[in-house]
Chemist: 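Once you've had a glance at the structure underneath, I'll fire off some questions.
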Amino acid sequence: MILDEINETGDIKKINPAQYAELAGEIRHFLIEKISKTGGHLASNLGVVELTMAMHLSFDIPNDKIIWDVGHQSYTHKILTGRKDGFDELRKFGGMSGFPKRRESDTDVFDTGHSSTSISAGLGYVHARELNGENYSVVSVIGDGALTGGMALEAINNASNLKSNFIIVLNDNNMSISRNVGAISNMLNEIRTDEKYVDMKENVKDKLSQIPQFGDKMVSKIKKTKSNIKHFFIPGMNYEDMGITYLGPIDGHDIDRLLKAFKTAKRVKHGVILHVVTKKGKGYKYAEKNPGNYHGVNPFNVKTGKDLQKSAEKTFTGVFSDTMLNLSDKDDKIVAISAAMPDGTGLSEFAKTYPSRFFDVGIAEEHAVTFAAGLAAGGLKPVVAIYSSFLQRAYDQILHDVCIQKLPVIFAIDRAGLVGSDGETHQGIFDLSYLSCIPNMTVMAPKNGAELTQMLTQALSYGCPVALRYPRGTSVLCQGEKCEPIVYGRGEILRRKTKTAILAVGNMVETALYISDLLGKEGIGITVANMRFVKPIDERLIDELTEEHELIITMEENVRTGGFGDAVLRYINDSHPDRRVINFALPDDYVEHGSVAILRKETGIDREIITERIRKEVCGQ
């Protein structure tokens with residue numbers, strides 16, 4: 001196999017060019033086989049094999065810098081930089097990350113995980129290069145979807161002032177390009193990317209500029225005339241108007257054309273966008289047919305494409321989806337907003353059923369929140385469904401545009417808590433902290449699916465901003481369970497004993513019940529309270545429990561600082577200073593990738609660790 005010859009960075013340059021297509025096929029086969037066993041991001045990686053090969057052939061890695069937007073499409077890059085063996089432990093605890101990590105390799109020059117960041121980071125590298133007097137190329141790779149993120153457009157605007165080379169690769173795997181425009185563009189780009197043409201253009205510009213008094217005016221006039229003509233033919237003229245050269249569209253699976261385009265792009269003395277058209281999921285029929293379903297996958301059967309871990313049990317996301325449909329059938333004021341993730345957040349069925357009341361704003365979380373604020377001010381009931389980690393990007397909009405005005409926007413925060421294999425950038429472990437400090441915000445966490453339904457139903461009537469945070473995965477204890485109406489700001493007691501009480505929120509309620517039942521068999525009585533509300537906390541219930549219990553324990557799947565336990569501790573210290581409090585929460589740190597079970601153990605919040613700590617505290621052992 002040709003792939004056997006790729007063992008370290010730069011080995012691809014030793015491969016015979018006649019073997020590039022065969023190598024691309026072997027890389028795709030390798031990715032499909034490995035990801036089918038470990039899970040990971042499949043379709044996006046299959047789509048950029050040739051593009052990645054061309055960049056490694058065109059640039060001197062790691063001296064030259066490749067910055068991947070989001071980074072989930074960097075698997076081929078990892079293969080070409082000596083990390084093939086790491087794919088057996090991909091996304092496992094202690095194993096190779098599914099995203100670029102600087103600590104993992106000097107060829108990963110910037111940690112990524114969220115969208116629309118690569119151009120800003122690349123621009124920073126360019127200016128650092130110039131100020132340090134260094135000489136290397138900077139390439140930022142960004143997808144067409146990520147360009148909907150305002151940060152990317154801000155960076156492009158800033159890049160327009162550059163006087164040195166900066167290459168932005170626009171990986172377009174979604175836009176359709178008509179035959180006419182494509183044919184004309186191909187013809188013009190054969191001329192525009194020809195070295196003789198580039199040399200001639202620069203020479204003419206230099207000669208004209210040297211003419212006293214009239215030279216610069218002539219150059220400006222020619223540029224304006226040329227620009228007006230090109231507007232009719234070249235799809236990237238908006239970029240050219242900003243001072244950024246546009247090359248493309250280029251077939252992203254044609255290595256020869258890519259190599260030629262990169263050679264030309266390196267010669268441009270300012271910002272240049274190379275528009276590359278790729279097919280997401282290329283080389284695997286199931287991913288090509290439905291790339292969305294094969295974006296992030298569990299282990300699957302290669303022959304059938306079927307998920308090997310798919311469960312028939314209802315997830316929290318599924319419960320949210322069903323509840324939205326049921327409530328919206330009765331209330332036409334309910335509208336839903338997604339930031340490019342209707343499938344992941346459970347809004348796909350809502351979008352099909354109520355298309356005029358569904359808004360997918362693209363990868364633009366900040367806009368999503370302020371847009372929802374406008375909808376609420378206009379008399380509607382917006383529900384914004386976003387992953388916890390991604391909602392961080394809209395913090396100012398939550399605080400400034402929603403909560404100051406006390407607008408009734410509902411935040412359905414999916415993937416809250418530990419999410420597992422995607423690692424630091426995706427763990428939803430900060431939301432209780434960053435939301436609880438905002439005035440006018442109500443923060444709730446359901447213990448199961450039935451309570452999520454009840455909370456969403458009632459939140460729509462509160463008339464204030466409400467955040468509902470729930471985890472990824474199966475909704476425990478929800479089958480057939482009915483939930484009494486929830487009183488605003490009040491929790492509930494699920495087990496009543498003496499001396500020791502656990503106050504838990506969200507999915508930690510299940511852990512608390514397990515511990516109470518286990519220690520109960522040992523004669524250690526544990527009261528369990530489902531607090532439900534993180535803000536406002538139920539002070540009356542805390543007062544009641546501190547009267548009857550000497551030890552108060554809080555449990556949450558959020559970082560310690562600013563979380564639920566912090567709020568309880570402050571209140572008890574002020575009102576009941578003679579009571580002991582123990583907080584079980586995640587450390588104030590970033591949590592790496594791995595299964596949720598392993599991560600809970602490593603961070604000290606799994607059943608066994610908490611049980612042993614309580615046993616020692618109660619029994620004095």
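This is a predicted model, so every value here is computed, not measured.
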Chemist: Can you tell me which residue pairs pass the salt bridge (Lys or Arg N to Asp or Glu O under 4.0 Å) test with a partner in residues 47-70, sequence neighbours excluded?
Modeler: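 Listed by first then second residue: R28-E50.
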Chemist: Walk me through it: do T315 and S475 pass the test side-chain contact (heavy atoms from CB on, under 4.5 Å)?
Modeler: CA-CA 5 Å; T315 63; S475 167; 5.8 Å; no
Chemist: Within the side chain of K535, is there an N or O that forms a donor-acceptor pair under 3.5 Å with the backbone of I438?
Modeler: yes
Chemist: Can you measure from CG (L153) to OG (S116) and round to the nearest 0.5 angstrom?
Modeler: 8.0 Å
Chemist: Report yes or no: do H77 and D108 form a side-chain donor-acceptor pair below 3.5 Å?
Modeler: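 The criterion, which ignores hydrogens and geometry beyond distance, is satisfied for D108 and H77.
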Chemist: So does D4 have more than 12 non-hydrogen atoms from other groups sitting under 6.0 Å from CG?
Modeler: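 Yes, because the 6.0 Å sphere around CG of D4 holds more than 12 heavy atoms from other groups.
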Chemist: Kindly compute the distance separating CD (E557) from CG (L599), expressed to the nearest 0.5 Å.
Modeler: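 Atom-to-atom, E557:CD and L599:CG are 9.0 Å apart.
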Chemist: Using 30° and 60° as the class limits, which term best fits the ring planes of Y284 and F300: parallel, tilted or perpendicular?
Modeler: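 Plane angle between 30° and 60°, so tilted.
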Chemist: Would you call K279 and E288 a side-chain contact if the rule is heavy atoms closer than 4.5 Å?
Modeler: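 Touching, per the 4.5 Å side-chain cut-off.
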Chemist: Give the C-alpha distance, both sets of side-chain angles, the deciding distance and a yes or no for side chain to side chain donor-acceptor pair (under 3.5 Å) between T317 and R472.
Modeler: CA-CA 7 Å; T317 305; R472 181 180 192 176; over 6 Å; no
Chemist: List in chain and number order the residues that pass side-chain hydrogen bond (donor to acceptor under 3.5 Å, both in side chains) with N298, two or more places apart in sequence or in another chain; answer none if no residue qualifies.
Modeler: D307
Chemist: What is the minimum heavy-atom distance between N45 and Q73, and which atoms define it?
Modeler: OD1-C, 2.9 Å
Chemist: How far apart are the C-alpha atoms of F411 and V402, what are their side-chain angles, what is the distance that settles it, and do they pass the side-chain contact (heavy atoms from CB on, under 4.5 Å) test?
Modeler: CA-CA 11 Å; F411 297 97; V402 175; 4.2 Å; yes
Chemist: How about L418 and L586: do any of their side-chain heavy atoms sit closer than 4.5 Å?
Modeler: yes
Chemist: Is the shortest side-chain heavy-atom distance between L391 and I413 below 4.5 Å?
Modeler: yes
Chemist: Atom CZ in R607, atom CE in M508: separation rounded to 0.5 Å?
Modeler: 10.0 Å
Chemist: Before giving the answer on salt bridge (Lys or Arg N to Asp or Glu O under 4.0 Å), spell out for D566 and R560 the whole-Å C-alpha distance, their side-chain angles and the decisive distance to 0.1 Å.
Modeler: CA-CA 7 Å; D566 249 11; R560 185 180 307 277; over 6 Å; no
Chemist: W68 vs V70, test: side-chain contact (heavy atoms from CB on, under 4.5 Å). Steps then yes/no.
Modeler: CA-CA 6 Å; W68 300 90; V70 183; over 6 Å; no
Chemist: Counting heavy atoms not belonging to H367, are there more than 12 under 6.0 Å from its NE2?
Modeler: yes
Chemist: I would like to know whether V509 and M555 meet side-chain contact (heavy atoms from CB on, under 4.5 Å); could you show each step before the answer?
Modeler: CA-CA 8 Å; V509 173; M555 290 169 51; over 6 Å; no
Chemist: Could you check whether atom OH of Y136 has more than 12 heavy atoms from other residues, nucleotides or ligands sitting under 6.0 Å from it?
Modeler: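 More than 12 heavy atoms, drawn from other residues, nucleotides or ligands, come within 6.0 Å of this atom.
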Chemist: Does the side chain of I273 come within less than 4.5 Å of L247's, by heavy atoms?
Modeler: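 No, too far: nothing below the 4.5 Å cut-off.
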Chemist: With a 4.5 Å cut-off on side-chain heavy atoms, are V302 and E33 touching?
Modeler: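 They are in side-chain contact.
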Chemist: Does any non-hydrogen side-chain atom of T81 lie less than 4.5 Å from one of I79?
Modeler: no
Chemist: Quick check on side-chain contact (heavy atoms from CB on, under 4.5 Å): which of V534, V443, T554 does V505 satisfy it with?
Modeler: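 When V534, V443, T554 are each tested with V505, the side-chain contact (heavy atoms from CB on, under 4.5 Å) holds only for V534.
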Chemist: Please, which pairs that meet ring pair (Phe, Tyr, Trp, His ring centres under 6.0 Å) have at least one residue in residues 90-112, sequence neighbours excluded?
Modeler: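 Sorted result for residues 90-112: H41-F99, F99-H426.
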Chemist: State, with a plain yes or no, whether a side-chain heavy atom of L31 is found less than 4.5 Å away from one of T76.
Modeler: yes
Chemist: Provide the closest heavy-atom pair for T107 versus S105 in the form atom of the first, atom of the second, distance.
Modeler: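 Scanning both residues, the minimum pair turns out to be OG1-OG, 2.7 Å.
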Chemist: Not counting sequence neighbours, which residues clear side-chain hydrogen bond (donor to acceptor under 3.5 Å, both in side chains) with E592? List them please.
Modeler: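 By the side-chain hydrogen bond (donor to acceptor under 3.5 Å, both in side chains) rule, E592 matches no residue at all.
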Chemist: For D606, give me all partners under side chain to side chain contact (heavy atoms under 4.5 Å, CB included), at least two apart in sequence or on another chain.
Modeler: R600, K601, E608, I609
Chemist: For atom CG of N135, is the number of surrounding heavy atoms from other residues, nucleotides or ligands below 6.0 Å larger than 12?
Modeler: no
Chemist: Aromatic ring centroids of F166 and Y125 under 6.0 Å?
Modeler: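 Ring-ring flag for F166/Y125: false, centres at least 6.0 Å apart.
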Chemist: Between atom CG of D106 and atom OG1 of T9, what is the distance when rounded to the nearest 0.5 Å?
Modeler: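 Separation between the atoms: 6.5 Å.
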Chemist: Which heavy atom of L435 sits nearest to which heavy atom of A467, and what is that distance?
Modeler: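 Looks like CD1-CB, 3.8 Å.
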Chemist: Look only at the side chain of E89 and the backbone of M96, and say whether a donor-acceptor pair between them is shorter than 3.5 Å.
Modeler: no
Chemist: With sequence neighbours excluded, tell me which residues meet side chain to side chain contact (heavy atoms under 4.5 Å, CB included) with D360.
Modeler: S338, A340, P342, F358
Chemist: Drop me the distance from L170's CG to T278's OG1, to the nearest 0.5 angstrom.
Modeler: 9.5 Å
Chemist: Which residue pairs pass the salt bridge (Lys or Arg N to Asp or Glu O under 4.0 Å) test when at least one of the two sits in residues 411-436, sequence neighbours left out?
Modeler: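 Every pair satisfying salt bridge (Lys or Arg N to Asp or Glu O under 4.0 Å) with a residue in residues 411-436: R91-D422, K101-E424, R103-E424, D431-R469.
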Chemist: Within the side chain of N165, is there an N or O that forms a donor-acceptor pair under 3.5 Å with the backbone of S137?
Modeler: no
Chemist: Considering residues at least two apart in sequence or located in another chain, which fulfil the side chain to side chain contact (heavy atoms under 4.5 Å, CB included) criterion with R102?
Modeler: D111
Chemist: Looking only at heavy atoms, which two atoms of E365 and A394 are closest? And how far apart?
Modeler: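 Heavy-atom minimum between the residues: O-CB, 3.6 Å.
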Chemist: Tell me every residue that passes side-chain hydrogen bond (donor to acceptor under 3.5 Å, both in side chains) with H114, counting only those two or more places apart in sequence or in another chain.
Modeler: S389
Chemist: Which pair of heavy atoms, one from I12 and one from L57, lies closest together, and at what distance?
Modeler: O-CD2, 3.7 Å
Chemist: Check for a donor-acceptor pair, side chain of K282 on one end and backbone N or O of L46 on the other, with a separation under 3.5 Å.
Modeler: no
Chemist: Which class fits the ring pair F390 and Y387: parallel under 30°, tilted 30 to 60°, perpendicular over 60°?
Modeler: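 Taking Y387 first and then F390, their aromatic rings lie parallel (interplane angle under 30°).
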Chemist: What residues, two or more places apart in sequence or in another chain, satisfy ring-ring contact (aromatic ring centres under 6.0 Å, His included) together with Y75?
Modeler: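 With sequence neighbours excluded, Y75 shows a ring-ring contact (aromatic ring centres under 6.0 Å, His included) to F87, given in chain and number order.
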Chemist: For the residue pair T245 / H270, report whether a side-chain donor-acceptor contact shorter than 3.5 Å exists.
Modeler: yes
Chemist: Can you measure from CD1 (I398) to CG (D401) and round to the nearest 0.5 angstrom?
Modeler: 10.0 Å
Chemist: Do you know the tightest heavy-atom contact between D11 and E5?
Modeler: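 So the two residues come closest at OD2-O, 3.3 Å.
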Chemist: Does some side-chain heavy atom of E104 sit less than 4.5 Å from a side-chain heavy atom of R83?
Modeler: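 Result yes, sub-4.5 Å side-chain heavy-atom pair found.
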Chemist: Name all pairs fulfilling the salt bridge (Lys or Arg N to Asp or Glu O under 4.0 Å) condition that reach into residues 113-127, sequence neighbours left out, sorted by first residue then second.
Modeler: none
Chemist: According to ring-ring contact (aromatic ring centres under 6.0 Å, His included), who are the partners of Y20, at least two apart in sequence or on a separate chain?
Modeler: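 By the ring-ring contact (aromatic ring centres under 6.0 Å, His included) rule, Y20 matches no residue at all.
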